[in-house]
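One structure, as structure tokens, below. Some questions next.
Sequential numbering from 1 along the given sequence is applied to the chain's residues.
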Amino acid sequence: MKILMVDVDGVLVHGRPSDGLPLFTYLERDLGLRLDILREAFFKTCWRDIVTGREALEPKLTEVLGTIAPHLSARTLIDYWFENDSRLDQTLLDELAALKANGTRMFLATNQEHLRAAYLMDQLGLSARFDGIFYSAALGHQKPAAEFFQLATERVGIDASEIGFIDDIEANIEAARQFGWKAMQWTPDSTLRDAIAAFSA
């Protein structure tokens, strides 16, 4: 394995920094917006185009909030969202750093829109720990689409069999394996040692 691709949400990042609870746990209390309404009006109808780069997050969210929560600005909600979805797994980061120091190149491989991808790399400092990021809005395809894995493979310029991948979603793991990556589904009990062993099996 020359390259390790690492998913973000559910692997590296786990909810609120203070307690790990899901990011929108206290959305109604904090910002006066019910999560079920946000899901129906925004995530179920708009998110696919945003996460694959066909729509921009802030303008679309501004439009939706104008209807469901006119008291709330898109920027306020985005800041709340990103800050409450930023608890890093420091143990895994340390293990990844050791692997990187031994010569393995590291990339994030994640379904994200542009603003959060930048937040992850710049505000959370992941640009200092990874060689780059492959994300759905930039690639135009989201996992588990085969095109996501094809484009990421082409851009690193090595054979798919030389790429390892950890992700918490089974469908993404299966798609990666079908494309030729070595892949392991990440669970709360997983360790990087488990993944390396699985890739070598």
Side-chain angles (χ1 to χ4, degrees), residues 5-89 93 106-152 155 167-169 171-172 175:
M5 300 280 189
V6 181
D7 179 43
V8 173
D9 298 300
V11 176
L12 267 184
V13 173
H14 302 271
R16 289 157 42 98
S18 59
D19 51 25
L21 289 173
L23 71 126
F24 288 136
T25 298
Y26 298 114
L27 177 64
E28 185 173 6
R29 182 196 71 184
D30 294 340
L31 296 181
L33 173 59
R34 281 172 38 195
L35 180 54
D36 61 331
I37 292 174
L38 180 63
R39 280 189 180 131
E40 287 294 325
F42 179 71
F43 285 105
K44 286 190 176 181
T45 59
C46 308
W47 185 244
R48 183 174 177 82
D49 283 344
I50 292 169
V51 82
T52 51
R54 291 189 284 271
E55 293 266 11
L57 172 61
E58 191 164 357
K60 197 65 183 178
L61 191 55
T62 296
E63 177 186 326
V64 171
L65 290 177
T67 300
I68 65 170
H71 68 282
L72 184 60
S73 74
R75 177 46 57 184
T76 296
L77 180 54
I78 290 167
D79 288 346
Y80 179 90
W81 171 355
F82 293 179
E83 289 164 10
N84 280 287
D85 203 15
S86 62
R87 188 185 200 194
L88 292 167
D89 184 333
L93 283 172
M106 300 276 169
F107 293 88
L108 298 175
T110 178
N111 290 337
Q112 304 290 339
E113 56 75 47
H114 297 296
L115 295 181
R116 186 154 184 261
Y119 180 88
L120 292 166
M121 296 302 276
D122 301 335
Q123 300 302 117
L124 292 190
L126 294 181
S127 61
R129 294 178 174 268
F130 290 85
D131 296 294
I133 180 172
F134 298 108
Y135 68 99
S136 55
L139 297 179
H141 301 275
Q142 66 183 124
K143 299 176 292 182
E147 292 89 345
F148 181 101
F149 301 99
Q150 178 182 349
L151 289 167
R155 293 183 188 188
D167 192 296
D168 62 317
I169 305 297
N172 298 340

Enter the distance from Thr110:OG1 to Leu120:CG here, rounded to the nearest 0.5 Å.
->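 One finds 7.0 Å between OG1 of Thr110 and CG of Leu120.
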Does the distance from a Lys or Arg side-chain N to an Asp or Glu carboxylate O, for Glu113 and Arg116, drop under 4.0 Å?
->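 Salt bridge absent between Glu113 and Arg116.
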Name the orientation class of the two ring planes belonging to Phe43 and Phe24 (parallel below 30°, tilted from 30 to 60°, perpendicular beyond 60°).
->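 Phe43 and Phe24: tilted rings.
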Contact summary for Pro144 and Ala171, nearest pair of heavy atoms |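 Taking every non-hydrogen atom into account, CB-O, 3.6 Å.
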What's the shortest heavy-atom distance between Cys46 and Lys60, and which atoms?
->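 The pair with the smallest heavy-atom distance is SG-CE, 3.7 Å.
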Using ring pair (Phe, Tyr, Trp, His ring centres under 6.0 Å) as the criterion, list what pairs up with Tyr26, not counting sequence neighbours.
->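 Applying ring pair (Phe, Tyr, Trp, His ring centres under 6.0 Å) to Tyr26 gives none.
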Nearest heavy-atom neighbours spanning Leu33 and Leu27 =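 Taking Leu33 first and Leu27 second, the nearest heavy atoms are O-CG, 3.3 Å.
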Closest contact, heavy atoms only, Ala74 versus Thr62 |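 Here Ala74 and Thr62 meet closest at CB-OG1, 3.2 Å.
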Salt bridge (Lys or Arg N to Asp or Glu O under 4.0 Å): pairs with one or both residues in residues 132-145, sequence neighbours excluded =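 Counting only pairs at least two positions apart or across chains, the salt bridge (Lys or Arg N to Asp or Glu O under 4.0 Å) contacts touching residues 132-145 are Asp7-Lys143, Lys143-Asp167.
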Considering all heavy atoms, the nearest Leu108-Leu12 contact =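 So the minimum-distance heavy-atom pair works out to CD2-CD1, 3.5 Å.
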Is Ser136 reaching over with its side chain to a backbone N or O of Asn111, donor-acceptor style, under 3.5 angstrom?
->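 Not confirmed, Ser136 side chain does not pair with Asn111 backbone.
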Just by distance, do the side chain of His114 and the backbone of Ile50 share a donor-acceptor pair under 3.5 Å?
->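 Judged by distance alone, no pair lies under 3.5 Å.
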Under 30°, 30 to 60°, or over 60°: which ring-plane class applies to Trp81 and Phe42, parallel, tilted or perpendicular?
->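 Trp81 vs Phe42 ring planes: perpendicular.
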Whether Asn84 side chain and Tyr80 backbone form a donor-acceptor pair below 3.5 Å |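 Present.
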Which atom of Phe134 lies closest to which atom of Met5, heavy atoms considered =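 Scanning both residues, the minimum pair turns out to be CE1-CE, 3.7 Å.
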Would you indicate whether the side-chain heavy atoms of Leu139 and Glu147 approach each other to under 4.5 Å?
->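 The answer is no; the side chains never approach within 4.5 Å.
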Donor-acceptor pair between Arg54 and Thr52 side chains, under 3.5 angstrom |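 On atom types as modelled, these side chains qualify, holding a pair under 3.5 Å.
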